[in-house]
Protein chains: 2
Amino acid sequence: MVEQPQSALDGVFHALADPTRRAMVHQLASGERTVSELAEPYAMSLAAASKHVKVLEGAGLIHREIEGRVHRCSLEREPLVRALSWLRTYTDFWDARLDALDDLLNAENDDDRH
Amino acid sequence: MVEQPQSALDGVFHALADPTRRAMVHQLASGERTVSELAEPYAMSLAAASKHVKVLEGAGLIHREIEGRVHRCSLEREPLVRALSWLRTYTDFWDARLDALDDLLNAENDDDRH
DNA sequence: CGGTTGCTCAACCATATGGTTTATAATTGC
DNA sequence: GCAATTATAAACCATATGGTTGAGCAACCG
């Protein structure tokens, strides 16, 4: 499988597209959790929750530390930052466009540089 | 319960999970595009591209203006901001944890809250 | 008018996804 | 050793997704 820089975002956004997985991220934000702990809030089998954890892990969003029979999961910041950066590119661009419009509307000078 | 409208994020993250759709967002960042223009760079049928546009529209990421037979699409900022905010919650939280750790390492007091 | 363009819709197909249940492996505890 | 706990794997199912082709429709053009 050829991993292109964009395909990393595929996994991250896809992982975050599921409300259960986002809720798991939320849980992990307050500290490490075992798979059982992550699964506990949801009306689904442990196996199903385990799959969600696997998707999050595959996207790099969590790190798994195996301690005996317990799998302890923790949040990884980097993929979140990468997704954030991607989004910011476009929200910032929009801001820039709005700013430019604002500049035009409030124009004191017509300094037109890019 | 930080987030009730989680289903809105479902659509946004799902839409952004596809590289074609992210590329379309990229195209739209530099201005309005017709469906044909959005479809042109990709090795897929217009119908397929049209579906992608529909997904983006369904997620609220683009607005469609019909001018005669031409559908002119423009980027909507708000869903991007919403996704960004969601992500920032967790990257910021991480920062906070690192800050807290930093505080611990430099500890002068054992303030023990989270 | 008739042809072409821009786009969507419908039907279809292969694969992915999210869930289930049952089975299995490894660890822990009595 | 045996039983319970923690978690994954495997098989299965329904639905969603992303693509195709072909039809159809409205709008522009000559």
Side-chain angles (χ1 to χ4, degrees), chain A residues 1-4 6-28 31-75, chain B residues 6-28 31-75:
Chain A
M1 354 175 179
V2 183
E3 288 286 332
Q4 314 239 342
Q6 59 174 186
S7 45
L9 282 178
D10 286 6
V12 174
F13 281 129
H14 170 253
L16 296 179
D18 185 280
T20 299
R21 291 194 289 263
R22 282 202 308 283
M24 285 180 168
V25 168
H26 184 79
Q27 291 179 75
L28 288 168
E32 292 186 347
R33 298 289 153 89
T34 69
V35 173
S36 292
E37 287 168 351
L38 286 174
E40 187 269 334
Y42 314 110
M44 69 177 67
S45 66
L46 179 62
S50 173
K51 284 187 189 179
H52 282 301
V53 171
K54 206 164 148 188
V55 170
L56 288 167
E57 189 185 19
L61 283 163
I62 70 178
H63 173 75
R64 185 193 303 251
E65 195 90 14
I66 301 181
E67 299 174 6
R69 62 184 166 180
V70 170
H71 295 208
R72 201 163 300 276
C73 302
S74 56
L75 205 52
Chain B
Q6 54 181 186
S7 42
L9 282 179
D10 286 6
V12 175
F13 281 129
H14 170 254
L16 296 180
D18 184 281
T20 299
R21 290 193 289 262
R22 282 202 308 283
M24 285 179 168
V25 168
H26 184 79
Q27 291 179 75
L28 288 168
E32 291 186 348
R33 297 289 152 89
T34 69
V35 173
S36 292
E37 286 168 351
L38 286 174
E40 186 268 335
Y42 314 110
M44 70 177 65
S45 65
L46 178 62
S50 173
K51 282 189 192 179
H52 282 301
V53 171
K54 206 164 148 187
V55 170
L56 288 166
E57 190 183 18
L61 283 163
I62 70 178
H63 172 73
R64 185 192 304 248
E65 194 91 13
I66 301 181
E67 300 175 5
R69 61 185 167 179
V70 171
H71 295 207
R72 200 163 299 278
C73 303
S74 56
L75 204 53

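Chain letters run A, B, ... following the sequence lines, proteins first, then strands; residues in each count from 1. The analysis underlying the following values was restricted to heavy atoms, covering all of them including side chains, and did not include hydrogens, waters or symmetry mates. None of these values were measured; they are calculated from a predicted model.
To the nearest 0.5 angstrom, B:Asp10 atom CG is 4.5 Å from A:Arg22 atom CZ. To the nearest 0.5 Å, the span separating CG on A:Leu75 from CD1 on A:Ile62 amounts to 8.5 Å.
Here C:dG18 is the nucleotide among C:dG18, D:dG19, D:dG18 with the atom lying nearest to any side-chain atom of A:His52. Nearest nucleotide to the side chain of A:Ser36, out of C:dA11, C:dG18, D:dA7: D:dA7.
Following rounding to the nearest Å, A:Arg72 (CZ) and D:dA7 (C1') show an atom-to-atom distance of 13 Å. For B:Leu38 and C:dG6, the CG to C1' distance is 13 Å, given to the nearest whole Å. In this structure, A:Met24 places its CE atom 11 Å from P of D:dA7, rounding to the nearest Å. Rounded to an integer number of Å, the gap from A:Leu46 CG to C:dG18 P is 17 Å. Separating the NE2 atom of A:His71 from the P atom of C:dA25 is a distance of 15 Å, rounded to the nearest angstrom. As rounded to whole Å, 8 Å separates atom C1' of C:dG19 from atom CE of A:Met44. Spacing between atom CD1 of B:Ile66 and atom C1' of C:dG6 amounts to 11 Å, rounded to whole angstrom units. Separating the CD atom of B:Glu37 from the C1' atom of C:dT5 is a distance of 14 Å, rounded to the nearest angstrom.
Residue-to-nucleotide proximity on DNA chain C shows that, of A:His14 and A:Val70, the 5′-proximal contact is made by A:His14. Heavy-atom distances to DNA chain C give each of A:Asp18 and B:Ser50 a nearest nucleotide, and the one nearer the 5′ end belongs to B:Ser50.
With B:Leu38 as the fixed residue, the side-chain contact (heavy atoms from CB on, under 4.5 Å) test singles out one of B:Met24, B:His71, B:Arg21: B:Met24.
The phosphate of C:dC9 (OP1 or OP2) has a side-chain N or O of B:Lys54 nearer than 4.0 angstrom. OP1 or OP2 of C:dT20 lies within a sub-4.0 Å distance of a side-chain N or O belonging to A:Ser45.
Of the possible donor and acceptor atoms, one in the side chain of B:Glu37 sits under 3.5 Å from a partner among the backbone N and O of B:Thr34.
A salt bridge does not link A:Arg72 with A:Glu65: every distance from a Lys NZ or Arg NE/NH1/NH2 to an Asp or Glu carboxylate oxygen is 4.0 Å or more.
Not a single donor-acceptor pair, N or O on each side, falls under 3.5 Å between the base of C:dA26 and the side chain of A:Arg69.
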